[in-house]
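Note on naming: letters A, B, ... go to the chains in the order of the sequence lines (proteins, then strands), and numbering restarts at 1 for each one.
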Amino acid sequence: MFFFTRYPSSTLLKTYFPDVQFNRCITSQLIKWFSNFREFYYIQMEKFARQAILEEVTDSNHLMVSRDSELFRALNMHYNKGNDFEVPDRFLEVASRTLREFFSAVRTGKDSDPSWKKPIYKIISKLDSDIPDVFKSSSCLQELLQS
DNA sequence: GGGTAGCCTG
DNA sequence: CAGGCTACCC
């Protein structure tokens, strides 16, 4: 699901697991998962953005996350270990956008500001897509639990 | 006060 | 990932 939405609300999550009896614990756990997912995501982004800068990449337009990139492999291994489904193109677009945002922020020295990531988070949070209805099943939660 | 986001830690 | 803590908002 993370490939579609990085910032799901609790109400959204609830609608996707209709057969789960949500209580305070389960809800907060799901929210926490996505928080952890985001942390990993952004850490990878920053890591590869800084790496690109060290490699003296100057053209951020050439900075993108393709299916054969190392960054993609890292993300896919984390969110889609068993290659249970195909990663949507939209996610690659969002990931590429994120990478460029980190790249230009670091390159222009904005990372000296303690809260320099906030603006990036805000941009990315607006790029969530609708989740396909296929995910509206309990089996999805099982997969989520396993990953 | 409960629900979250963000950050840190193990 | 989970736990714990701070800070913000409704």
Side-chain angles (χ1 to χ4, degrees), chain A residues 1-54 60 63-147:
Chain A
M1 284 177 71
F2 186 77
F3 288 131
F4 298 92
T5 172
R6 267 63 59 188
Y7 293 84
S9 65
S10 59
T11 50
L12 178 79
L13 289 173
K14 287 175 183 174
T15 60
Y16 273 83
F17 303 113
D19 50 354
V20 174
Q21 306 111 36
F22 279 89
N23 54 41
R24 218 175 282 116
C25 201
I26 293 180
T27 304
S28 60
Q29 189 186 22
L30 277 175
I31 294 292
K32 181 61 181 176
W33 281 0
F34 276 87
S35 176
N36 282 326
F37 291 164
R38 284 192 297 272
E39 283 191 18
F40 179 82
Y41 176 80
Y42 287 123
I43 286 172
Q44 296 303 312
M45 290 296 166
E46 180 178 359
K47 177 180 162 189
F48 280 83
R50 290 187 184 280
Q51 187 175 308
I53 289 173
L54 287 176
S60 68
L63 221 54
M64 57 178 292
V65 181
S66 59
R67 294 179 190 278
D68 59 354
S69 69
E70 197 180 332
L71 176 52
F72 176 81
R73 287 199 295 108
L75 294 172
N76 193 59
M77 199 196 313
H78 193 74
Y79 305 120
N80 190 23
K81 272 198 180 78
N83 275 312
D84 297 318
F85 49 87
E86 191 179 333
V87 179
D89 289 333
R90 168 71 175 168
F91 177 75
L92 296 180
E93 294 171 13
V94 176
S96 298
R97 175 69 187 280
T98 314
L99 185 59
R100 290 193 202 102
E101 291 294 340
F102 268 94
F103 177 81
S104 53
V106 173
R107 195 186 49 181
T108 57
K110 287 177 182 167
D111 57 336
S112 59
D113 182 344
S115 58
W116 65 283
K117 296 177 184 175
K118 294 286 172 59
I120 301 178
Y121 295 165
K122 190 169 185 179
I123 294 171
I124 304 307
S125 68
K126 292 176 180 173
L127 300 180
D128 276 6
S129 316
D130 292 331
I131 305 171
D133 288 342
V134 200
F135 288 85
K136 279 188 182 177
S137 67
S138 56
S139 59
C140 173
L141 185 62
Q142 294 301 320
E143 289 183 15
L144 206 55
L145 285 166
Q146 289 166 16
S147 64

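Between A/Glu93 and A/Arg97 no salt bridge is recorded (no basic side-chain N to carboxylate O distance below 4.0 Å).
Between the P atom of B/dG3 and the CG atom of A/Leu12 lies a distance of 18 Å, rounded to the nearest Å. To the nearest angstrom, P of C/dC1 lies 13 Å from CD1 of A/Ile43.
Distances shorter than 4.0 Å separate none of the side-chain N or O atoms of A/Ser10 from OP1 or OP2 on B/dG3. OP1 or OP2 of B/dG2 has not a single side-chain nitrogen or oxygen of A/Arg24 nearer than 4.0 Å.
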Please list, pair by pair, any protein nitrogen or oxygen found under 3.5 Å from a nitrogen or oxygen in nucleotides 5-10 of chain B.
unit_1, atom_1, unit_2, atom_2, d
B/dC7, N4, A/Lys32, NZ, 3.2

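Residues forming a side chain to side chain contact (heavy atoms under 4.5 Å, CB included) with A/Ser129 (at least two apart in sequence, or on another chain): A/Arg90. With sequence neighbours excluded, the residues forming a side chain to side chain contact (heavy atoms under 4.5 Å, CB included) with A/Ser96 are A/Met64, A/Val65, A/Arg100, listed by chain and number.
Side-chain atoms of A/Asn80 come within 3.5 Å of backbone atoms of A/Asp84 as a donor-acceptor pair (strictly under, hydrogens ignored).
A/Phe135 and A/Phe17 make their closest contact through O-CE2, 4.4 Å (heavy atoms, listed as atom of the first residue, atom of the second, distance).
No close placement of the A/Phe48 and A/Phe102 rings is indicated, their centers lying 6.0 Å or farther apart.
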